[in-house]
Every structure is written in structure tokens, then in C-alpha cells.
Amino acid sequence: MQTLITFIFSAFVATMSIAQEKKITGIVSDESGLPLPGTSIIVKGTSTGTQTDFDGKYEILANIGETLVFSYVGYKRKEIVVGALNIINITMEFETAVLEEVVVTAQGIRKQKKALGYAVSEVKAEQIERRKEADVARVLSGKASGVQITSASGTTGSATNVVIRGYSSISGNNQALFVVDGVPYNGNQTTSKFLSLDPEDIKEVNVLKGLAAASLYGTAGRNGVIVITTKNGNYTPKQIEQNNEAYEEIIENDFENVLSNPLSTFSIDVDKASYSNIRRMINNAQPIPQDAVKIEEMINYFNYKYEQPKNVHPFAIHSELIKTPWNSNTKLVKIGLQGKTYENDALPASNLTFLIDVSGSMSNQNKLPLLKSAFKLLVNQLREKDKVSIVVYAGAAGVVLEPTSGHQKDKILRALDNLQAGGSTAGGAGIKLAYKLAEENFKKGGNNRVILATDGDFNVGASSDKDMKELIEEKRKSGVFLSVLGFGYGNYKDSKLEALADKGNGNHAYIDSMSEAQKVFGKEFGGTLFTIAKDVKIQVEFNPSIVKAYRLIGYENRLLNDEDFIDDTIDAGELGSGHTVTALYEIIPVGIESNYMKEVNDLKYTNNVVSNNFGDELLTVKFRYKKPDGDKSIEMEHVQSNYEAEPSEDINFAAAVALFGMQLKHSKYHNDSKIEDVLELARKGKGEDEDGYRAEFIRLVSLSQTSK
């Protein structure tokens with residue numbers, strides 16, 4: 001009997017224990033708030049464990065009362081007892097003892113070899129060959145044991161990759177960290193050529209291997225460290241560009257007099273790169289160049305509650321009129337376009353060519369390593385009927401994966417994993433090879449597309465904006481579409497990438513995180529890859545009996561001549577499955593005096609007669625588009641009445657984004673509005689916000705306010 005009671009009690013306890021098991025999630029970051037990918041989390045006393053992903057996120061099953069142990073090289077171990085909370089975010093503290101060791105070893109590595117257990121190779125000044133080389137790695141070739149030194153591109157004068165044996169990797173950049181006179185250099189600078197060191201100036205070089213290297217220099221030193229001491233001890237690199245980003249100049253649209261300019265004509269824009277790029281700058285507390293702010297791309301980053309098309313056309317038109325939130329003397333019109341949404345299974349077979357920049361400038365963690373992780377999200381959605389090829393370019397271009405079925409995901413993923421960065425950037429050669437491969441495997445009636453992923457820093461062959469535009473204009477005649485994905489910062493060439501997307505019948509996105517990659521390749525997979533209409537143009541005609549003047553907010557580099565609207569030879573924007581396009585006009589009603597309007601003399605020979613035959617029609621919107629494989633445009637028309645409605649959540653939010661963009665650009669049209677005005681509008685327009693993108697915008701606006 002006693003045995004039976006004991007058994008029942010034990011079973012009851014076990015059942016209760018199982019019932020208390022739950023999923024714990026959270027984010028692990030360092031003291032500066034940056035995520036710590038690869039942090040180990042285990043349930044103490046068990047074999048249950050996991051690691052944080054690229055964004056520092058983790059999830060693990062544990063029972064209430066059990067202890068989670070968080071550990072990361074160079075940081076203090078942390079133990080947390082599982083309680084009622086399901087979300088446990090952890091901030092790891094740097095190991096101060098390690099910091100003290102850094103101070104000591106900065107005075108001389110040799111003194112600490114035995115005490116700290118380093119695996120160290122040492123090269124003295126007298127051992128360094130006196131070559132006329134600007135690349136320190138080349139002058140050290142064969143002098144340091146355990147170090148592999150190879151040309152990044154195979155071309156004369158190219159940078160070199162320095163890899164410490166034991167740190168080989170197929171999943172990311174595995175080049176050693178350089179530390180010169182106590183200052184670490186990484187990112188673009190992980191290729192050794194940047195150092196421009198005169199061999200005569202080097203006192204000694206130490207190669208650090210093992211876990212102690214990572215302990216001393218954190219995650220940046222996980223692949224080993226090359227410690228260089230110069231004779232003067234005050235080295236300053238000559239070739240580092242602190243910020244060499246490039247943006248096309250934007251001249252803000254002014255108000256147009258309806259009597260003299262009744263038509264507003266522009267190409268649609270589904271690009272969203274500007275918003276994610278600005279988000280990156282705000283999160284990093286960086287100044288935002290005014291030309292980086294493209295208000296239409298900020299507005300179109302967000303989805304709006306537009307109804308799906310209900311007729312033969314692949315999109316539906318919506319419009320709305322309210323009083324302008326930042327100016328009581330004007331009105332605001334929102335014009336929305338909703339593309340038809342196709343489920344993944346309904347999309348035609350794809351012939352995709354990944355064109356990936358593997359040059360030296362792509363070695364940063366937020367470039368090639370992030371790029372590879374992002375592309376894996378896309379690969380995992382491919383079907384058996386889809387095919388993928390991979391072309392890479394650095395000093396030259398080459399095919400690393402011939403056309404492969406989406407059913408062979410492992411093969412495609414291995415090809416991605418094997419990519420490494422190094423060398424110069426022959427973007428033109430890469431584009432030509434990618435289009436050649438895409439054309440050779442063209443699927444009639446299918447989705448034929450080149451997906452270019454780069455920071456845009458082309459420097460070999462055809463590289464100017466003009467050269468690249470001409471190249472893409474020629475290649476788009478093949479019927480192959482283009483998607484352009486930007487990565488990284490410091491030398492990000494937004495102007496070049498946008499030009500490529502515009503001329504290549506494609507779209508442009510900027511990926512700053514795995515979250516953004518999930519948005520581009522996950523939630524918006526069809527829109528990113530499948531075009532449902534091309535050369536989409538909008539022409540708005542304003543009724544001069546009601547509207548005195550109008551101003552298109554944004555779209556400055558998408559404006560067309562009025563006659564271009566009916567000219568089918570003029571290129572315009574493309575619309576993808578499920579894409580929405582939103583445009584805002586600020587209008588000055590007839591009878592309203594405005595400081596924004598400049599008076600002109602009456603005309604002597606022309607007498608503008610205003611018709612009153614159109615009642616309360618405020619404006620007429622005309623759309624023209626071509627089918628993806630068509631050459632002749634189809635036209636639609638939509639009329640907006642002069643009825644001022646109660647603002648919807650969507651127009652409140654779109655107005656908030658536009659107002660924030662105007663403030664960032666220091667526009668004269670934001671009417672001395674404040675950040676608080678943006679926040680108030682955004683909160684009114686937040687709505688259900690299932691994916692949290694609008695809440696993130698509110699956070700960014702608040703952050704931009706506190707960082708000033």
C-alpha cells in the first residue's frame with residue numbers, strides 16, 4: 001500500500017512538473033543595447049539548451065523554478081530562475097577582469113603569454129621583408145605560423161584575406177581582426193589593404209589565437225587577432241572613409257497653380273528603402289542627410305486597408321479628402337492603389353538569378369553575413385518548379401550555382417554558405433553575367449528576375465550612375481525584371497541602387513536587419529518577386545473651380561512630363577502582387593490666400609475659362625499600366641468629390657509619416673509643426689497594427705526627439 005501511495009505521489013509530482021513547463025523567449029544584448037548572437041542558454045543541470053539568433057533572440061522550454069544559465073565569451077555568466085514571466089530579456093555585462101588584462105597586455109603581449117595561455121605567433125621588425133607594399137599582409141607572408149594569407153580576388157594589387165588556421169568557416173566572414181597600436185579595425189577595413197602601412201614603420205606583429213583572443217576583443221576577435229605595434233605608436237589609417245554614402249539630390253515639390261498647370265503626372269514608386277535606411281540612422285544616433293529622406297518611400301513602407309480589386313484590372317483605386325493636420329488653410333488628399341494579391345502557390349514558376357556582391361566592402365556583419373541569412377528566407381519558400389542560379393562578383397564575376405530546382409534547397413543553401421568577401425567590385429561584369437544566365441534559362445509566362453544584393457560600391461568596369469543606367473536599360477529589353485537589395489552603411493550607394501531598380505523594371509529595398517529581411521522575403525514575398533503590372537503612371541487633373549493650387553508630397557524623382565502619360569515608350573514603375581501605392585497631395589482651395597502661392601500677371605493672349613459643369617468633382621485620377629509581358633497601356637479612371645470626410649486611421653498615419661519626413665528635410669511646408677504633432681497623428685492612426693510596424697514608427701519618432 002505504501003509503495004502504491006509513493007508511486008501515485010511521484011506520478012502526481014511529475015505531472016505537475018510537466019504542466020509547469022513553458023516556452024521562455026527573450027533577447028540577449030550587451031550593455032550598449034546591441035544584440036549578442038550566439039549566446040549560449042542552458043537549463044542548469046540538464047542537457048537542454050539553445051543559442052541566440054542573429055538578432056539576439058532565443059526561445060527555450062523550461063519549468064518554473066529551474067535556472068537558465070546565459071554565457072558568452074568575454075561576458076559574465078548570468079543565472080536566472082524561471083518564474084511567472086514568459087519573456088526574459090537579458091543584458092550581459094562585460095567581464096571586468098578581462099578588461100584589466102587588455103590594459104596589461106596593451107603594454108606588451110609577451111609578458112602575458114604564459115599567464116593568459118595565448119597561442120601567439122610573433123614577428124619582429126627585423127624579420128619583416130622590406131617590400132614596397134602597402135598591404136601589410138603581403139609583407140608578412142610566410143613569417144607568421146598558423147596564418148593563411150590569400151588574394152581576395154586573384155587580381156594584381158587586390159586586398160588580401162588573412163585567416164588564422166582553426167577559424168575556417170563556411171557560414172560567414174572569418175577574417176582576423178586587425179589591431180594597430182591598440183585600435184581595432186573591422187568592417188570594410190578587415191581586408192588588410194586598407195592599412196597602408198610602411199614596413200619600415202612596424203615594430204612587431206603578434207598573432208593571437210584561441211578563446212583568449214575573443215575574451216580580449218569580444219565578438220570581433222572570435223576569428224583571431226593580428227596585433228601590430230608601430231615604432232611611433234600613433235598609427236592613423238590613410239584610406240578609411242568614415243562616411244562615403246551617396247544620395248541623389250532631391251528638390252522638394254512646390255505648389256502649382258491649377259490654372260496654368262492643371263495636370264500632375266508621375267510614375268508610381270513601390271520602393272521602401274528610404275524608411276529602413278532612416279530607421280538605421282535613427283537607431284545608430286546618426287545624422288540624417290536630407291537627400292536620404294524620400295517621403296513617398298517612407299509612406300509606402302506601410303500597408304493600408306485598401307480593398308482588393310473586384311474587376312478585370314489587377315488593382316483598385318481609393319481616395320480620401322480631409323483638412324490638412326498641419327495647416328488649417330489647406331486640404332489633404334490621399335490616393336491609394338491596391339495591387340491584387342496572389343498566394344505563393346498561385347504564382348507562376350520562377351527563374352531567379354541571385355547576383356551577390358562578395359567584394360571586400362561586403363565583409364561587415366551587416367552586409368554579406370546578413371545577406372546570406374536573408375536569402376535563406378527566400379530559398380525556404382521556393383517550390384520544385386522554381387529555379388535558382390547564383391552569380392557573384394568581386395574583382396571579376398563568376399557562376400557559383402548553375403540553375404537548381406527549389407526542391408534542392410540544401411544545395412542552394414550550401415552555395416550561399418560558401419560565399420566569402422574580398423576584392424574589388426566589378427558590378428557591371430556581374431550584371432552582364434547574371435542577365436546572360438537569366439536569359440538562357442528564360443521561362444515563358446514565368447517570373448524571370450535578377451536579384452542584386454550589394455552596398456552599391458562598384459569600382460571596376462562600368463561603375464558610374466550613367467554607365468549602370470545605360471547597361472540596365474539595355475538588359476531590361478530581355479523581359480527579365482530586377483530587384484535591388486541594399487545592405488550595410490558607410491559606403492552605401494543609394495543613388496546608384498535606386499537608378500538600377502528604376503531602369504530595370506524593378507524595386508529597391510534596404511535591409512538593415514533580419515526583421516526587415518523577413519518583411520521583404522516573407523510577408524511581401526509575392527510583391528518583391530512577382531510583377532503584376534509594369535509602366536504604371538498616374539495623372540491627376542484638378543478642378544480649377546474648387547482647387548487653386550496643389551503640391552505632390554514626395555515623388556520628386558518620379559515626375560513625368562504631362563505628355564509622357566500617353567506615351568507607351570516611356571518607362572515607369574512596376575507593381576507587385578499585393579503591393580500598395582499611396583500618394584498625398586496638399587491642396588489650396590479657391591478663395592484661400594496663402595503665403596505659399598506667388599501671384600502672376602494676367603495673360604494678354606490667353607483667357608482661362610473655368611467650367612462649372614462638373615459639380616463637386618475635386619479631381620480626376622487616371623492610371624495607365626501594361627501587363628508584365630505587354631506593350632500597350634490600359635487606362636483606368638477614378639473621381640474624388642469635394643467631400644471632406646472624418647479622417648480614417650490610414651490617412652492619419654500616412655499624414656504622420658509625411659509630416660515626419662518634411663521635418664527631417666527641414667521643409668518650409670511643415671508649417672512650424674513639432675515632433676509632438678507627428679506623434680499625436682501617428683497614435684490616432686496606429687489601429688490594430690498586427691505586425692507592429694506602426695508602433696515601431698512611433699518609437700523611432702520618439703527616439704529621434706530624444707537624440708537631438
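Quick caveat: nothing in here was measured; it's all calculated off a predicted structure.
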So, Asp512 and Arg279, do they make that salt bridge, N to O below 4.0 Å?
-> yes
Under a 4.0 Å N-O cut-off, is there an ion pair linking Asp254 with Lys668?
-> yes
Rounding to 0.5 Å, atoms CG (Leu370) and CZ (Phe487) come to a distance of 5.5 Å
Kindly assign one of parallel, tilted or perpendicular to the pair Tyr304 and Phe653, based on the angle between their ring planes and the thresholds 30° and 60°.
-> tilted
Please tell me if the side chains of Asp535 and Ile570 come closer than 4.5 Å, counting only heavy atoms from C-beta onward.
-> no
Give a yes or no on this: more than 12 heavy atoms of other residues, nucleotides or ligands lie within 6.0 Å of atom CD of Glu690.
-> no
Can we call the ring centroids of Tyr301 and Phe697 under 6.0 Å apart?
-> no
Apply ring-ring contact (aromatic ring centres under 6.0 Å, His included) to the pair Phe375 and Phe354, showing each step before the final yes or no.
-> CA-CA 9 Å; Phe375 270 76; Phe354 297 169; 4.6 Å; yes
Salt-bridge contact Glu574-Lys534 (side-chain N to carboxylate O under 4.0 Å) | no
So, Arg449 versus Ser483: side-chain donor-acceptor pair below 3.5 Å or not?
-> yes
Do the side-chain N and O atoms of Thr620 and His638 include a donor-acceptor pair separated by under 3.5 angstrom?
-> no
State whether Asp564 and Lys537 are salt-bridged, where the test is any N-O pair (Lys NZ or Arg NE/NH1/NH2 against Asp/Glu carboxylate O) under 4.0 Å.
-> no
Report yes if the side chains of Leu452 and Leu485 come closer than 4.5 Å at any heavy-atom pair, otherwise no.
-> no
Quick one: is the NZ or CZ of Arg551 closer than 6.0 Å to the six-membered ring centre of Tyr596, and within 45° of its axis?
-> no
Honestly, is Lys622 close enough over Phe565, meaning NZ or CZ under 6.0 Å from the six-membered ring centre and within 45° of the axis?
-> no
Check: Tyr625 ring centre within less than 6.0 Å of Phe315 ring centre = yes
